[in-house]
Amino acid sequence: MPELPEVETVRRGLERFVVGRSMREVFVTGTRSVRRQHPDELVAALRGRRLDAARRWGKYLWIALAETGASPGPTAVLVCHLRMSGQLLKVSPPLAPPPPHTHVRFVLDDESELRFVDPRTFGELFVTDELDQAGRPAVLAGLGPDPLLDGVDARRLGELAARRRVSLKALLLDQKVLAGIGNLYADEICFAARLRPGRLVSSLGRAEVARLAAAIGDVLAAAVAARGSTLRDARYVDLLGEAGSYQDHHAVYGRAGEPCPRCDRPILQTRLVGRSAHYCARCQR
DNA sequence: AAGCACACCTGCTAGC
DNA sequence: TGCTAGCAGGTGTGCT
């Protein structure tokens, strides 16, 4: 499931292999992946545009568009969210036929193709020209700070935690609090912070909040360095189809019954805010 | 106001 | 062996 580290890895791939190219043609099939606007509108906004930059905020990804040749036209961006099963893949010639669940194809000016593949069709693409002063899509204004781009403010986190009656798991998953953490990294962060995912956040002490803030930054940075997590069943791969390696460093996620890497007691699995949660009852309080 | 359950999907897996 | 029910989860919506 693409979360911040996976989306960041895809972004870096776009920056390296796609930025600077132009879109020769765009093909949209099906009705699910482009649903905020008519596909014709998206195609018209993209055709002939140069891909100028790749940016990210939480799990949202976008590509800044520029006119080719002539003076810079009105700035617009192509926004993408991979949700559960979305992939952006760059395929160079000779072009294999698009795999099943390929919903959008961008033909680039070097004869390569960027593809949006998404079996579960939760992911989406849209074009917008409504940007804030920092050049971010205005529709994303509700997102909280990005832990990687903005850092984690322990004081703000502590103040938020003090006045909310939710579990730590729910707080970490709330994209208005911090943007980019999903179910997998929420569990890994809780383990690194030695806090149970079910802990009520209003009960956290100052030292515990400090541990939490540090763990958020540490876990996400390590996961980005490992190019994200590719699970057995999940289909996350980077722009060129390469798997990540952070799954080899998971302490708790998907490891129910296996020994805790710190104390050897079996990892427990439970259910919290409708999600699976994994933790060590001895190491996490 | 804020927290919660549910819908949206398809592929995989456990269990019969 | 073959079928099916259940599970996986990010976000938006609607209910309590």
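Below, read A as the first sequence line, B as the second, and so on, with proteins coming before strands; counting in each chain starts at 1.
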Chemist: N/O contacts under 3.5 Å, protein versus nucleotides 12-16 of chain C?
Modeler:
residue	atom	partner	partner atom	Å
C/dG12	OP1	A/Tyr60	OH	3.2

Chemist: Dot-bracket notation for DNA chain C is requested: 5' to 3', Watson-Crick or G-U wobble pairs only, both distances under 3.5 Å, with ( ), [ ], | and . as defined.
Modeler: .|||||||||||||||
Chemist: For A/Tyr253, report the nucleic acid contact type (base, sugar-phosphate, nothing); a contact means any heavy atom under 4.0 Å.
Modeler: sugar-phosphate
Chemist: Is any side-chain N or O of A/Gln175 closer than 4.0 Å to OP1 or OP2 of C/dT11?
Modeler: yes
Chemist: Taking the side chain of A/Val273 as heavy atoms from C-beta outward, which of B/dC4, B/dC9, C/dG10 is closest to it?
Modeler: B/dC4
Chemist: Look at A/Glu15 together with A/Arg11 and state whether they make a salt bridge at an N to O cut-off of under 4.0 Å.
Modeler: yes
Chemist: Is A/His103 reaching over with its side chain to a backbone N or O of A/Arg32, donor-acceptor style, under 3.5 angstrom?
Modeler: no
Chemist: Throw together a table of side-chain donor-acceptor distances under 3.5 angstrom for residues 240-252 of chain A, partners on residues two or more places apart or in other chains.
Modeler:
residue	atom	partner	partner atom	Å
A/Ser245	OG	A/Ala226	O	3.2
A/Gln247	OE1	A/Thr230	N	2.9
A/Gln247	NE2	A/Gly244	O	2.9
A/His250	NE2	A/Ser229	OG	2.8

Chemist: Looking at the side chain of A/Thr121, which of C/dA8, C/dG10, B/dC9 is the nearest nucleotide?
Modeler: B/dC9
Chemist: Counting any heavy atom closer than 4.0 Å, what does A/Gly274 reach on the DNA or RNA strands: base, sugar-phosphate only, or nothing?
Modeler: nothing
Chemist: Please determine if a side-chain N or O atom of A/His101 lies less than 4.0 Å away from the OP1 or OP2 oxygen of B/dC9.
Modeler: no
Chemist: Test your reading of the model: is there a side-chain donor-acceptor pair from A/Arg50 to the backbone of A/Ala66, 3.5 Å cut-off?
Modeler: no
Chemist: Checking ring-ring contact (aromatic ring centres under 6.0 Å, His included) against A/His81, which of A/Phe122, A/Tyr60, A/Trp62 comes through?
Modeler: A/Tyr60
Chemist: Less than 4.0 angstrom between a side-chain N/O of A/Arg164 and OP1 or OP2 of B/dG3, yes or no?
Modeler: yes
Chemist: Establish, with yes or no, whether the OP1 or OP2 oxygen of C/dT11 is under 4.0 angstrom from a side-chain nitrogen or oxygen of A/His81.
Modeler: yes
Chemist: Starting the side chain at C-beta, find the nucleotide from C/dA8, B/dC9, B/dG11 nearest to A/Arg32.
Modeler: B/dC9
Chemist: According to a cutoff of under 5.5 Å between the ring centres and under 30° between the ring planes, does A/Phe122 stack with the base of C/dT11?
Modeler: no
Chemist: For A/Tyr279, is the NZ or CZ atom of A/Arg196 found under 6.0 angstrom from the centre of its six-membered ring and inside 45 degrees of the ring axis?
Modeler: no
Chemist: Identify whether any heavy atom of A/Arg271 sits under 4.0 Å from a base atom; if not, whether one sits that close to sugar-phosphate; answer base, sugar-phosphate or nothing.
Modeler: sugar-phosphate
